[in-house]
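The structure appears below as structure tokens.
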Protein chains: 2
Amino acid sequence: MKLDAIDRKLINLLQKDSKQTTKQLSLQLDLSVTAVYERVKKLEKEKVISKYVALIDNRKVDKSFLVFCHVKLIQHSREYLSVFEREILKLDEVSECFHIAGDYDYLLKIYVKDMEEYREFMVNKLTTIKHIGSTQSSFTIGEVKNSTEIAL
Amino acid sequence: MKLDAIDRKLINLLQKDSKQTTKQLSLQLDLSVTAVYERVKKLEKEKVISKYVALIDNRKVDKSFLVFCHVKLIQHSREYLSVFEREILKLDEVSECFHIAGDYDYLLKIYVKDMEEYREFMVNKLTTIKHIGSTQSSFTIGEVKNSTEIAL
DNA sequence: GCTTTGGGTAGAATATTTTTCTGTTTTTAA
DNA sequence: TTAAAAACAGAAAAATATTCTACCCAAAGC
């Protein structure tokens, strides 16, 4: 799918606030309500927009402790990678998990209540996964930027 | 604000899909439309729900290359930290930036088109920021999980 | 040159949803 | 136990989303 300048501007608006009415969007884009409506529907149909979600303030739900954890497996066999990834998907505390190149194999973003809950998570959940070689945890001191936007 | 079991279930539903109608939510929560409506409004008012956004497929908008970059400053003075953070906020490619404890000071999540665009970003943007000691980039090979949900 | 076709658009209509309103039930605290 | 506050339900009203019809305009073909 090809995106023109209007599509990109529309995507940016929806990345910032998806609760805007098509009327509001139409004013900002200098288009009719119908024109905006059909562009949005097309972006949804083509899966450019994958979903609409509510973002939650982690402090307000008592998940103030954010940790990034690097994980190294003992081997890089397809089998080991597959097992690890399947098990990670079961852990709700892990909001993000990426397979990365470099010294460590995976980078995890983990939301918990506090250090105690993190210890529980490490001891009873993460490190029970097979084939993990080593881990290194980085505790978040401050949040400079935590956006879901992708700049176009 | 105190959250009961219904609030948590509601938050989970909205974290997964914020386009559901209050009617749909009411069926899943066994409540009336009005009861759901008022709970949602309260969560918004209390900023438990911070915003509603559209999530974009990075591959569909030609930002397939995801990089995590660790940054170390030459010193940890308030001044240096402040300058760095202010400059990072200006860089659209950086979707996340956290101040972390450990060997490196910051962890950045960066969406770009490809390695060439990343090189451009490093040379012309990131490394032009004052007081940076060293950086280490981790390129993403695969995406196991990339959620915005916080498990409650 | 003229017509045809299709994509994008606009405005009006209809359908759906949100929001408000009123009254009731339940919970909380004195 | 009772008064006050909070939570809830159903209906009415307001706003919005969605559909429908028609228009415009550029490119392609006769």
Side-chain angles (χ1 to χ4, degrees), chain A residues 1-63 113 147-152, chain B residues 1-63 113 147-152:
Chain A
M1 179 185 180
K2 280 196 172 177
L3 302 173
D4 64 15
I6 298 176
D7 288 321
R8 282 192 291 272
K9 189 168 177 186
L10 174 55
I11 288 171
N12 274 328
L13 291 171
L14 292 175
Q15 282 195 113
K16 288 183 199 306
D17 179 8
S18 63
K19 270 289 163 74
Q20 295 176 90
T21 64
T22 44
K23 173 90 179 176
Q24 290 175 302
L25 294 169
S26 71
L27 293 174
Q28 296 168 83
L29 295 169
D30 277 310
L31 281 179
S32 71
V33 167
T34 307
V36 173
Y37 178 79
E38 294 192 337
R39 279 175 183 265
V40 172
K41 286 300 154 190
K42 187 168 182 185
L43 291 171
E44 292 170 357
K45 187 159 168 289
E46 302 286 339
K47 299 283 184 191
V48 175
I49 295 174
S50 57
K51 62 198 305 203
Y52 295 93
V53 301
L55 299 183
I56 303 302
D57 184 333
N58 60 311
R59 288 164 310 232
K60 296 278 175 66
V61 294
D62 216 15
K63 297 291 175 184
K113 180 184 192 307
S147 168
T148 56
E149 288 179 51
I150 298 173
L152 304 187
Chain B
M1 178 187 180
K2 279 196 173 180
L3 302 173
D4 64 13
I6 298 176
D7 286 322
R8 283 191 291 273
K9 189 169 178 186
L10 174 55
I11 289 171
N12 274 327
L13 292 171
L14 291 174
Q15 283 195 113
K16 288 184 199 305
D17 178 10
S18 64
K19 271 289 162 73
Q20 295 177 88
T21 64
T22 45
K23 172 87 178 177
Q24 292 176 300
L25 294 169
S26 71
L27 293 174
Q28 296 168 83
L29 296 169
D30 277 309
L31 281 179
S32 71
V33 167
T34 306
V36 172
Y37 178 79
E38 293 186 341
R39 279 174 183 266
V40 172
K41 285 300 153 190
K42 187 168 182 185
L43 291 171
E44 292 170 357
K45 186 159 168 290
E46 302 285 340
K47 298 284 184 191
V48 176
I49 295 174
S50 57
K51 62 198 304 206
Y52 296 92
V53 302
L55 299 183
I56 302 304
D57 184 334
N58 60 313
R59 289 165 309 236
K60 295 280 173 65
V61 293
D62 216 16
K63 296 291 176 185
K113 180 183 191 306
S147 169
T148 56
E149 289 178 50
I150 297 173
L152 304 187

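A, B, ... follow the sequence lines: proteins, then strands. Residue 1 opens every chain.
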## Note on the structure
Axis-to-axis angle for the helix from C/dG1-D/dC30 to C/dA30-D/dT1, ends of five pairs each, to 10°, equals 30°
Expressed in angstrom and rounded to an integer, what is the separation of [X] atom [atom1] from [N] atom [atom2]?
| X | N | atom1 | atom2 | value |
| --- | --- | --- | --- | --- |
| A/Leu43 | C/dG8 | CG | P | 12 Å |
| A/Glu38 | C/dA10 | CD | P | 10 Å |
| B/Ile6 | C/dT26 | CD1 | C1' | 13 Å |
| A/Asp30 | C/dG8 | CG | C1' | 16 Å |
| B/Lys19 | D/dT16 | NZ | P | 14 Å |
| B/Lys2 | D/dA7 | NZ | C1' | 16 Å |
| A/Asp4 | C/dG7 | CG | P | 15 Å |
| B/Leu3 | D/dA6 | CG | C1' | 16 Å |

### Query
OP1 or OP2 of D/dC8 less than 4.0 angstrom from a side-chain nitrogen or oxygen of B/Ser32, does that happen here?
no
### Task
Tell me whether the OP1 or OP2 atom of D/dA17 has a side-chain N or O from A/Lys23 closer than 4.0 Å.
no
### Task
Return each pair, listed once, that meets salt bridge (charged side-chain N to carboxylate O under 4.0 Å, His left out) where at least one residue sits in residues 52-63 of chain A; pairs must be two or more places apart or across chains.
A/Asp57-A/Arg59, A/Asp62-A/Lys113, A/Lys63-A/Glu117
### Task
Identify whether the distance between the nearest side-chain nitrogen and carboxylate oxygen of B/Lys41 and B/Glu44 falls below 4.0 Å.
yes
### N-O pairing of B/Asp7 and B/Arg39 below 4.0 Å
yes
### Summary
Taken to the nearest 0.5 Å, the spacing of B/Leu55 CG from A/Leu14 CG works out to 11.0 Å
### Message
I need the B/Leu31 CG to B/Lys9 NZ distance, nearest 0.5 Å.
### Response
9.5 Å
Could you check which of [options] has an atom nearest any side-chain atom of [X]?
| X | options | result |
| --- | --- | --- |
| A/Ala35 | D/dA9, D/dT19, C/dA10 | C/dA10 |
| B/Thr34 | C/dG8, D/dA11, C/dA10 | D/dA11 |
| A/Tyr37 | D/dA17, D/dC8, C/dT19 | D/dA17 |
| A/Arg39 | C/dT19, D/dA9, C/dT9 | C/dT9 |
| A/Thr21 | C/dT18, C/dT19, D/dA17 | D/dA17 |

### Query
Got A/Ile56 and B/Ile49 here, is their nearest side-chain heavy-atom distance under 4.5 Å?
yes
### Message
I need the minimum non-hydrogen distance between B/Met1 and B/Val48, along with the two atoms involved.
### Response
SD-CG2, 3.9 Å
### Task
Would you mind classifying the nucleic acid contact of B/Lys42 as base, sugar-phosphate or nothing, using non-hydrogen atoms under 4.0 angstrom?
sugar-phosphate
